Amino acid sequence: QVQLVESGGGLVQAGGSLRLSCVGSGRTFSSYTIGWFRQAPGKEREFVAASTWSSSSTYYADSVKGRFTISRDNAKKTVYLQMNNLKPEDTAVYYCAATTAYYSTTSNSYDYWGQGTQVTVSS
């Protein structure tokens, strides 16, 4: 079992940057693919980025490609989401999640979720 805790959210102006962290617990953390999802008010949860367990592969939604970078440090059981050039449409609650699947953009494939961290981008 894996417990996940996100941090790093906040209020930032458009064009600014934030780095989110997802700290995991459990001895098998390094064997999970970790994904970031976000959910804006009135919208469905959407995939943002994912990093496979070995960090050998990373995946991004088209809407964040070139602006967001996912990375992980398995020794620290932490996955990061560096978000640059933020836009108002990036405003959402951001969640990290863990799956035993190699890669998935579907939230139903993820077994463990954090509580979320709010990101608000002002124009």
Side-chain angles (χ1 to χ4, degrees):
Q1 192 169 358
V2 175
Q3 287 82 42
L4 303 170
V5 178
E6 305 96 334
S7 63
L11 173 64
V12 64
Q13 289 188 329
S17 299
L18 284 173
R19 187 177 80 159
L20 305 183
S21 297
C22 172
V23 179
S25 62
R27 290 185 296 176
T28 60
F29 177 83
S30 62
S31 65
Y32 286 87
T33 286
I34 301 296
W36 284 97
F37 289 78
R38 66 186 182 186
Q39 188 166 19
K43 295 188 177 181
E44 292 188 354
R45 191 169 297 188
E46 65 174 357
F47 171 79
V48 175
S51 170
T52 57
W53 67 271
S54 65
S55 302
S56 62
S57 296
T58 56
Y59 303 89
Y60 298 92
D62 288 342
S63 59
V64 306
K65 204 170 291 184
R67 300 188 297 122
F68 291 12
T69 303
I70 188 170
S71 61
R72 67 190 292 166
D73 184 337
N74 284 331
K76 295 182 178 179
K77 297 183 180 179
T78 302
V79 176
Y80 304 98
L81 185 68
Q82 177 67 44
M83 306 186 296
N84 297 329
N85 190 22
L86 282 161
K87 304 176 180 181
E89 51 263 42
D90 294 318
T91 296
V93 177
Y94 284 71
Y95 301 87
C96 65
T99 179
T100 55
Y102 180 75
Y103 161 62
S104 177
T105 63
T106 306
S107 60
N108 288 343
S109 298
Y110 288 76
D111 303 301
Y112 304 102
W113 291 80
Q115 82 290 348
T117 186
Q118 176 71 47
V119 171
T120 303
V121 184
S122 63
S123 58

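Predicted model, so just to flag it, every value in this text is computed and none were measured.
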Is the number of heavy atoms from other residues, nucleotides or ligands within 6.0 Å of CD (E44) greater than 12? no

Test item: R72 side-chain N/O and S51 main-chain N/O as donor-acceptor pair under 3.5 Å: yes

I'd like to check L4 versus Y95 (side-chain heavy atoms, cut-off strictly below 4.5 Å). Are they in contact? no

If you apply the rule side-chain contact (heavy atoms from CB on, under 4.5 Å), what do you find for N84 with S17, and how did you get there? CA-CA 4 Å; N84 297 329; S17 299; 2.9 Å; yes

For the CD1 atom of I34 and the CG atom of N74, what is their distance to the nearest 0.5 Å? 8.5 Å

When rounded to the nearest 0.5 angstrom, what is the spacing between OG1 in T91 and CD in Q118? 7.5 Å

Using only atom types and a distance under 3.5 Å, with no angle test, would you say the side chain of S123 pairs donor to acceptor with the backbone of P88? no

State, with a plain yes or no, whether a side-chain heavy atom of S63 is found less than 4.5 Å away from one of R38. yes

Is it true that V79 and V2 fall in one hydrophobic cluster, defined by side-chain heavy atoms closer than 4.5 Å? yes

So, taking the atom named OG1 in T105 and the one named OH in Y110, what distance separates them when rounded to the nearest 0.5 Å? 7.5 Å

Which atom pair, heavy atoms only, marks the closest approach of A92 to A40? CB-N, 3.8 Å

Calculate, to the nearest 0.5 Å, the distance between atoms CD and OG belonging to Q1 and S25 respectively. 8.0 Å

As a test of understanding, state which of T120, V64, L18 forms a side chain to side chain contact (heavy atoms under 4.5 Å, CB included) with L86. L18

Using a strict cut-off of less than 4.0 Å between a Lys/Arg side-chain nitrogen and an Asp/Glu carboxylate oxygen, indicate whether D90 and K87 qualify as a salt bridge. no

Are V93 and W113 linked, directly or through intermediate hydrophobic residues, by side-chain heavy-atom contacts shorter than 4.5 Å (ILVMFWY only)? yes

Side chain of S104, backbone of T106: donor and acceptor closer than 3.5 Å? yes

Is atom NZ of K65 surrounded by more than 12 heavy atoms (other residues, nucleotides or ligands) closer than 6.0 Å? yes

Would you kindly check if the NZ (Lys) or CZ (Arg) of R67 is within the cone defined by 45 degrees around the ring axis of Y60 and under 6.0 Å from the six-membered ring centre? no

Inter-residue atom distance Y102.OH - T52.OG1, 0.5 Å rounding: 4.0 Å

Do we get R19 above Y80's six-membered ring, with its NZ or CZ under 6.0 Å from the centre and within 45° of the axis? yes

Is a side-chain N or O of Q115 found less than 3.5 angstrom from the main chain of E6, in a donor-acceptor match? yes

Is there a chain of hydrophobic side chains (I, L, V, M, F, W, Y, each step under 4.5 Å between heavy atoms) that links W36 to V12? yes

Can we call the ring centroids of F47 and Y59 under 6.0 Å apart? no

How far does OG of S30 sit from NZ of K76, to the nearest 0.5 angstrom? 16.0 Å

Between Y112 and Y32, is the side-chain contact (heavy atoms from CB on, under 4.5 Å) condition met? List the steps. CA-CA 10 Å; Y112 304 102; Y32 286 87; 3.7 Å; yes

Measuring only between side-chain heavy atoms, which start at C-beta, is M83 closer than 4.5 Å to L20? yes

Is there a continuous path of hydrophobic side-chain contacts, each under 4.5 Å between heavy atoms, that joins I70 to Y94? yes

Write down the atom of T33, the atom of A50, and the distance for their closest heavy-atom approach. CG2-CB, 4.4 Å

